[in-house]
Asker: 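Next up is a structure, given as structure tokens.
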Amino acid sequence: MLRLVSTVHGQPLTKQYKHFLINHSKLREVNYHILSKDSSIKKPVLLWLDGSGCIPLRTVVEDTKKSRYTLSSIMIKADSLADFFHVVLISKPGIPFTDTVHVESLQTFDYGKFAETKYVDQQCGRSYNDRASLNWRAEAAALVLDDLHNKVNIDQKRIIVAGHSEGAPVAAKVATLSPHVTHVGCFSGPGLSQLYDFVIGPRKQVLTGELTAEQAQAKIDSNLVIFREIV
């Protein structure tokens with residue numbers, strides 16, 4: 001599901017962030033970004049992992065009159081939190097930190113419809129489609145936590161990894177990989193419940209009379225075949 005928040009009028013806020021690149025033999029390029037009002041001050045770390053999709057962390061929408069606003073896929077108030085934390089974000093593989101969309105008019109532009117056609121797997125690029133996975137995201141985050149110690153002054157007692165939606169199970173896995181993590185937050189995570197929906201859904205349709213028991217079982221069996229092919 002595409003979610004964009006924190007609409008900000010004016011210039012994009014990328015200058016507030018410090019951007020870093022790690023070249024890794026296995027993970028290849030890992031781009032991460034730090035927002036901190038003063039990186040020399042000893043503060044806890046908040047590593048935030050966003051949800052699914054190949055959406056840039058920030059999208060600037062600009063019309064023909066040069067009016068613009070900035071959208072963010074980050075579900076936290078990073079600017080405010082940067083007073084108290086070193087806030088860290090990680091770009092998805094092959095996806096830029098910021099994208100700019102040129103439109104005729106801000107008033108008539110429907111970002112939801114635009115995103116549904118642009119930010120789908122077929123348009124995400126090979127780098128994203130080949131590497132974007134639970135393991136890549138978790139291992140990249142653990143690598144970033146190692147690298148952070150050379151970039152900011154960290155309160156070692158509070159290194160928080162938190163994720164939303166697809167980022168929630170990633171946060172949990174990061175905690176198993178990195179000895180630096182002291183706190184974990186998982187918000188609105190998918191988990192197995194979404195897989196169970198493909199079994200529970202047809203069962204509910206039997207109760208409402210939309211399907212017979214035989215039809216529901218055939219639908220469930222078909223879904224299980226697809227699951228086995230995926231894994």
Asker: Have Ser39 and His86 got a donor and an acceptor in their side chains that come within less than 3.5 Å?
Answerer: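 No, no side-chain donor-acceptor pair sits under 3.5 Å.
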Asker: What I want to check is whether the side chains of Lys157 and Thr182 have a donor and an acceptor closer together than 3.5 Å.
Answerer: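 Short answer, no.
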Asker: Ignoring hydrogens, what is the shortest heavy-atom contact between Asp79 and Lys37? Give both atom names and the distance.
Answerer: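 Here Asp79 and Lys37 meet closest at O-NZ, 3.2 Å.
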Asker: So which atom in His33 and which in Ser91 form the shortest heavy-atom distance, rounded to 0.1 Å?
Answerer: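 Shortest heavy-atom separation between His33 and Ser91 comes out as NE2-OG, 2.7 Å.
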Asker: Can you check whether Ile74's main-chain N or O pairs, donor with acceptor, with Trp48's side chain at less than 3.5 Å?
Answerer: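 The answer is no, because no donor-acceptor pair under 3.5 Å joins these two groups.
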Asker: Is Lys43 close enough and on-axis enough to Phe84, meaning under 6.0 Å and within 45°, for cation-pi?
Answerer: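 Here Lys43 fails the 6.0 Å and 45° test against Phe84.
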Asker: Show your reasoning for whether side-chain contact (heavy atoms from CB on, under 4.5 Å) applies to Trp136 and Leu27.
Answerer: CA-CA 7 Å; Trp136 187 93; Leu27 303 176; 3.7 Å; yes
Asker: Pairing donors with acceptors under 3.5 angstrom, does anything connect the side chains of His180 and Gln156?
Answerer: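 Distance-only check fails for His180 and Gln156.
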Asker: Do Ile160 and Val184 come close enough that some side-chain heavy atom pair is under 4.5 Å?
Answerer: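 A side-chain contact is absent here, since even the closest heavy-atom pair is not under 4.5 Å.
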Asker: Could you tell me the separation between the CG atom of Asn129 and the SG atom of Cys124, rounded to the nearest 0.5 Å?
Answerer: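 So the gap between those two atoms works out to 5.5 Å.
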Asker: For Asp99 and Pro56, which heavy atoms make the closest approach, and how far apart are they?
Answerer: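 So the minimum-distance heavy-atom pair works out to CB-CG, 3.5 Å.
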Asker: Quick one: does Val45's side chain get under 4.5 Å of Arg158's, heavy atoms only?
Answerer: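 No; the side chains remain at least 4.5 Å from each other.
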Asker: State the OG-CD1 distance between Ser73 and Ile55, to the nearest 0.5 angstrom.
Answerer: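 Ser73 OG to Ile55 CD1: 6.0 Å, rounded to 0.5 Å.
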Asker: Taking all non-hydrogen atoms of both residues into account, name the closest pair between Ser178 and Leu145 and its distance.
Answerer: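 Taking every non-hydrogen atom into account, OG-CD1, 3.6 Å.
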Asker: Begin with the C-alpha distance, continue with both residues' side-chain angles, and end with the deciding distance and a verdict on side-chain contact (heavy atoms from CB on, under 4.5 Å) for Glu166 and Leu134.
Answerer: CA-CA 9 Å; Glu166 181 187 276; Leu134 171 62; over 6 Å; no
Asker: Less than 4.0 angstrom from a charged side-chain N to a carboxylate O is my criterion; do Asp83 and Lys77 meet it?
Answerer: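 The answer is no: the pair does not qualify as a salt bridge.
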Asker: Say whether Ser133 and Asn135, considering side chains only, have a donor N or O and an acceptor N or O under 3.5 Å apart.
Answerer: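 Judged by distance alone, the side chains do not pair up.
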Asker: Evaluate the side-chain proximity of Glu62 to Val103: yes if any heavy-atom separation is below 4.5 Å, no if none is.
Answerer: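 No, side chains not in contact.
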Asker: Is the shortest heavy-atom distance from the side chain of Ile34 to the side chain of Val87 under 4.5 Å?
Answerer: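 The answer is no; the side chains never approach within 4.5 Å.
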Asker: Under a 3.5 Å distance rule, please check whether Lys92 uses its side chain to pair with a backbone N or O of Arg131 as donor and acceptor.
Answerer: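 Flag not set: sc Lys92 to bb Arg131 has no pair under 3.5 Å.
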Asker: Give the intermediate values and the outcome of side-chain contact (heavy atoms from CB on, under 4.5 Å) for residues Leu49 and Arg137.
Answerer: CA-CA 9 Å; Leu49 300 161; Arg137 295 194 67 186; 4.0 Å; yes
Asker: How many angstroms lie between OG in Ser105 and NZ in Lys65, if you round to the nearest 0.5 Å?
Answerer: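 Interatomic distance, Ser105 OG to Lys65 NZ, rounded to 0.5 Å: 7.5 Å.
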Asker: Consider only side-chain heavy atoms of I, L, V, M, F, W and Y, link residues closer than 4.5 Å, and tell whether Tyr17 and Leu46 are in one cluster.
Answerer: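 Yes.
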Asker: Going only through I, L, V, M, F, W and Y residues with side-chain contacts under 4.5 Å, is there a path from Ile22 to Leu148?
Answerer: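 Per the 4.5 Å side-chain linkage, Ile22 and Leu148 are co-clustered.
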Asker: Please answer whether the main-chain N or O of Leu143 pairs with a side-chain N or O of Asp147 as donor and acceptor at a distance below 3.5 Å.
Answerer: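 Judged by distance alone, no pair lies under 3.5 Å.
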Asker: Establish whether Leu47 and Val170 are linked, either directly or via other cluster members, by ILVMFWY side-chain heavy-atom contacts under 4.5 Å.
Answerer: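 Leu47 and Val170: one cluster.
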Asker: Hydrophobic cluster membership, with links at side-chain heavy-atom distances under 4.5 Å among I/L/V/M/F/W/Y: are Tyr69 and Phe114 in one?
Answerer: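 The answer is yes; both residues are in one hydrophobic cluster.
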Asker: Hey, does Gln215 have a side-chain heavy atom less than 4.5 Å from the side chain of Gln205?
Answerer: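 Sidechains of Gln215 and Gln205: no contact.
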Asker: Is the shortest side-chain heavy-atom distance between Val30 and Leu21 below 4.5 Å?
Answerer: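 No - every pair of side-chain heavy atoms lies 4.5 Å or more apart.
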Asker: Would a 4.5 Å heavy-atom cut-off, applied to side chains only, mark Asn31 and Ile90 as touching?
Answerer: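 Asn31 does not reach Ile90 side chain to side chain.
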Asker: Just do the side-chain contact (heavy atoms from CB on, under 4.5 Å) check on Val88 and Tyr32 with the steps written out, would you?
Answerer: CA-CA 7 Å; Val88 183; Tyr32 74 95; 4.1 Å; yes
Asker: Any link between Leu57 and Ile76 through a network of hydrophobic side chains (Ile, Leu, Val, Met, Phe, Trp, Tyr) touching at under 4.5 Å?
Answerer: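 Leu57 clusters together with Ile76.
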Asker: If you measure from CG on Asp221 to CD1 on Ile226, what distance do you get to the nearest 0.5 Å?
Answerer: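 Result: 11.5 Å between the selected atoms.
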Asker: Just verifying a value: how many Å separate Gln107 CD and Phe109 CZ, rounded to the nearest 0.5 Å?
Answerer: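 Answer for the CD-CZ pair, Gln107 versus Phe109, is 12.5 Å.
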Asker: Does the separation of the ring centres of His19 and Phe97 fall below 6.0 angstrom?
Answerer: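 They qualify: ring centres under 6.0 Å apart.
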Asker: Taking C-beta and beyond as the side chain, do Asn153 and Ile41 meet within less than 4.5 Å on heavy atoms?
Answerer: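 They are not in contact (no side-chain heavy atoms under 4.5 Å apart), so the answer is no.
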Asker: If I take atom NE2 from residue His149 and atom NZ from residue Lys151, how far apart are they, to the nearest 0.5 angstrom?
Answerer: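 It is 11.5 Å, given to the nearest 0.5 Å.
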Asker: At their closest point, which heavy atom of Pro44 faces which heavy atom of Asp155, and how far apart are they?
Answerer: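 Closest pair (atom of Pro44, atom of Asp155, distance): N-CB, 3.7 Å.
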Asker: Identify the heavy atoms of Ala216 and Pro202 that sit nearest to each other, and give their distance.
Answerer: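 What the structure gives for the nearest pair is CB-O, 3.6 Å.
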Asker: Between Glu139 and Lys173, is the closest basic N to carboxylate O distance under 4.0 Å?
Answerer: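 No salt bridge links Lys173 with Glu139.
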